[in-house]
Amino acid sequence: MLKQWKASDSEAIEAWIRSRKTTADPTIMAMTAQILADVREHQDEALYRYCETLDHVILSDLRVSEAALNSAYEKCDPQFIADLEEAKENILFFHQAQVRQGYELTKANDVYLGQRILPLERIGVYVPGGRSAYPSSVLMNVLPAKIANVKEIIMVTPPSKTGEMDPYIAAAAKIAGVDQIYTVGGAQAIAALAYGTQTIPRVDKIIGPGNIYVATAKKLVYGEVDIDMIAGPSEILVIADEGANPVYVAADLLSQAEHDPMASAILLTTSQAIADAVAQEVEKQLKHLPKKAIAEASLSQYGAIIVLDTIEQCLQISDRIAPEHLELMIKDAKSYLDQVHHAGSIFLGYMTCESIGDYFGGTNHVLPTGGSARFYSALNVDNFVKKSSYLHWSEAALRQDGNKIIRIAEAERLKAHANAVRVRLQRDENV
């Protein structure tokens, strides 16, 4: 099931890596654009209509009341609540170190300049329904925004068949401190957040994963609002040496393969024995997975075992892939950290499975996919602030530097720019 290659198959490996790149489906783009336009024009009426036609639920109110939220929360096992509270503390512990302050610099002649760091006023968090509920994603998306002092956090999530909130999602929303929740999903929810409706306020930024229609909608409204990233199918890449446990490696590969038929699970190893053992162990563990069909589809299309000569070669291939999750299941894993340049999040050592980061470790699990780890970062506090600069130039400073500015402006053939300085330099002559 898992493709197997050796170092000599470099051209085939490169071609396979590139084959995962997907282009937007024009039909999906057109359908999504139509939904966005409909919600922009008809607002709440369109949202209720889509709830009925797409989600097959008739709602009397899009907003989740405090009573309904509490009712859903109380259905959760107290131990689950305690675990989620501890996960929250771990996430806060990691992300609070990311907070940055503004600064001011001074120069001669009463010149000063600086940068202010300001929180966004309102963000929208999309929480998917579908195959699974993801309370962990609520914490990962909301808590960095809370640390950044975002003034208002709006959550949207698809309605259930009964119209009630998923208890686990409700618990996470309550623990994280979401301000308002609306039961609306799909591209129509993204439109509501981007444009605003009679019920749902317009936001400054939309974050959170979703299906292909949600991802497409986020791409189309970017510029109207900010977005976090375009999330693609989940990915894991494991680099394993001869000391790795094949049972662990197989389990970790399957942990991502069960997400989605388009998910990617790749093992790079320097040991043929490990490669063979992992292939056998994947088949063994796969038989017992509830989501066996999904995992099988993922592994057959986007799963691979590649045997290379050195750990350095493994790291080079990994950098070309730029995986969402990278596990270094090798001896002295931290000593190789500086050789990793492109990965969303890195998990060091034989015992650090990616699931720890997904739920409890504290690092963020909202990560770049599809090779975008080359230029995107994991979700962090900086995603929820904006930076505004300020500048003060005194008359003495302008008299010293004004002609330099004029010459640069005139070189760009922007006469009015030059004149804005010139009139100040000539002020005494005009009095």
Side-chain angles (χ1 to χ4, degrees), residues 1-20 234-259 263-289 291-292 294-358:
M1 177 182 297
L2 282 159
K3 299 175 184 68
Q4 294 205 37
W5 283 306
K6 297 186 183 298
S8 56
D9 300 319
S10 59
E11 289 186 10
I13 293 168
E14 190 70 30
W16 179 73
I17 291 170
R18 290 178 179 173
S19 73
R20 282 203 77 230
S234 200
E235 305 162 355
I236 187 168
L237 189 149
V238 179
I239 296 178
D241 62 14
E242 64 281 355
N245 186 325
V247 175
Y248 298 173
V249 177
D252 293 0
L253 294 173
L254 288 168
S255 74
Q256 295 307 297
E258 74 170 351
H259 264 299
S264 169
I266 299 171
L267 167 63
L268 307 180
T269 181
T270 53
S271 167
Q272 185 63 55
I274 289 291
D276 295 339
V278 169
Q280 292 175 12
E281 189 61 34
V282 164
E283 295 290 344
K284 180 181 175 181
Q285 293 184 29
L286 192 57
K287 296 175 183 177
H288 306 290
L289 282 184
K291 296 185 176 182
K292 177 184 175 183
I294 293 173
E296 281 183 327
S298 164
L299 294 175
S300 63
Q301 295 180 90
Y302 303 113
I305 296 175
I306 303 172
V307 180
L308 299 164
D309 297 328
T310 66
I311 294 298
E312 286 71 22
Q313 285 181 333
C314 294
L315 292 165
Q316 289 166 11
I317 291 286
S318 175
D319 265 355
R320 293 218 297 275
I321 295 172
E324 178 187 20
H325 307 98
L326 171 61
E327 290 188 2
L328 299 184
M329 295 181 70
I330 54 182
K331 185 179 179 181
D332 299 324
K334 191 177 181 183
S335 68
Y336 291 93
L337 195 54
D338 287 344
Q339 295 183 51
V340 177
H341 305 104
H342 306 304
S345 191
I346 306 160
F347 304 84
L348 303 175
Y350 299 120
M351 301 304 292
T352 316
C353 61
E354 177 272 335
S355 302
I356 298 171
D358 263 358

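Fair warning: this is a prediction, and the values are worked out from it, not measured in the lab.
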*Asks:* Rounded to the nearest 0.5 Å, what's the gap from CG on L253 to CD on E281? Could you check?
*Replies:*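 Interatomic distance, L253 CG to E281 CD, rounded to 0.5 Å: 11.0 Å.
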*Asks:* Measuring from atom CG of L328 to atom CG of D241, what distance do you get when rounded to the nearest 0.5 angstrom?
*Replies:*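 CG of D241 is found 10.0 Å from CG of L328.
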*Asks:* E327 side chain to E354 main-chain N or O, any donor-acceptor pair under 3.5 Å?
*Replies:* yes
*Asks:* Are any non-hydrogen side-chain atoms of S318 and V340 less than 4.5 angstrom apart?
*Replies:*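 A side-chain contact under 4.5 Å is absent here.
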*Asks:* Taking all atoms of both residues into account, what is the closest heavy-atom pair of T270 and E242, and its distance?
*Replies:*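 That would be OG1-OE1, 4.0 Å.
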*Asks:* Tell me, do I356 and C353 make a side-chain contact under 4.5 Å, heavy atoms counted?
*Replies:* yes
*Asks:* Check whether any side-chain heavy atom of E296 sits under 4.5 Å from a side-chain heavy atom of L289, and report yes or no.
*Replies:*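 No, their side chains stay 4.5 Å or more apart.
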*Asks:* Would you name the heavy atoms of S298 and A263 that are closest together and state the gap between them?
*Replies:* OG-O, 2.6 Å
*Asks:* Given V282 and V249, is the side-chain contact (heavy atoms from CB on, under 4.5 Å) satisfied, shown in steps?
*Replies:* CA-CA 9 Å; V282 164; V249 177; over 6 Å; no
*Asks:* Between CG of L237 and OG of S264, what distance do you get to the nearest 0.5 Å?
*Replies:*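 Here the rounded value is 7.5 Å.
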*Asks:* Let's go through S234 and E324 carefully: what are the C-alpha distance in whole Å and the side-chain angles of both, what is the deciding distance for side-chain hydrogen bond (donor to acceptor under 3.5 Å, both in side chains) to 0.1 Å, and is it a yes or a no?
*Replies:* CA-CA 7 Å; S234 200; E324 178 187 20; 3.2 Å; yes
*Asks:* On a heavy-atom basis, which atom in A295 and which in L254 lie closest, and how many Å separate them?
*Replies:* CB-CD2, 4.3 Å
*Asks:* Would you say that F347 contacts M329 through its side chain, given a criterion of any heavy-atom pair below 4.5 Å between the two side chains?
*Replies:*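 No - every pair of side-chain heavy atoms lies 4.5 Å or more apart.
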*Asks:* Could you walk me through whether D276 and Q272 satisfy the side-chain hydrogen bond (donor to acceptor under 3.5 Å, both in side chains) test, starting with their C-alpha distance in whole Å, then the side-chain angles of each, then the deciding distance to 0.1 Å, before giving a yes or no?
*Replies:* CA-CA 6 Å; D276 295 339; Q272 185 63 55; 2.9 Å; yes
*Asks:* Closest heavy-atom contact between L348 and T352?
*Replies:* O-OG1, 2.6 Å
*Asks:* Mind checking whether Q256 and D358 have side chains closer than 4.5 Å, heavy atoms only?
*Replies:*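 A side-chain contact under 4.5 Å exists here.
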*Asks:* Report yes or no: does Y350 contribute a side-chain atom to a donor-acceptor pair with the main-chain N or O of K331 at less than 3.5 Å?
*Replies:*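 Pair found, side chain donor or acceptor close to backbone of K331.
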*Asks:* Would you give the length of the straight line joining atom OG of S255 to atom CD1 of I236, rounded to the nearest 0.5 angstrom?
*Replies:* 4.5 Å
*Asks:* Rounded to the nearest 0.5 Å, what separation is found between the CG atom of L337 and the CG atom of L315?
*Replies:* 10.0 Å
*Asks:* Taking side chain as C-beta onward, heavy atoms only, is V247 less than 4.5 Å from Q285?
*Replies:* yes
*Asks:* Would a distance-only check, ignoring hydrogens and angles, find a side-chain to backbone donor-acceptor pair under 3.5 Å from Q4 to V307?
*Replies:* no
*Asks:* Taking all non-hydrogen atoms of both residues, which atom of A244 and which atom of I274 are closest, and how far apart?
*Replies:*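 So the minimum-distance heavy-atom pair works out to O-CD1, 3.3 Å.
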*Asks:* Do side-chain atoms of K3 reach the backbone of Q301 as a donor and acceptor pair under 3.5 angstrom?
*Replies:*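 Indeed, once roles are kept as given, a pair shorter than 3.5 Å links the two residues.
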*Asks:* Return the OH to CG distance between Y302 and L2, rounded to the nearest 0.5 Å.
*Replies:* 14.5 Å
*Asks:* Got a donor-acceptor contact below 3.5 angstrom from the T269 side chain to the A240 backbone?
*Replies:* yes
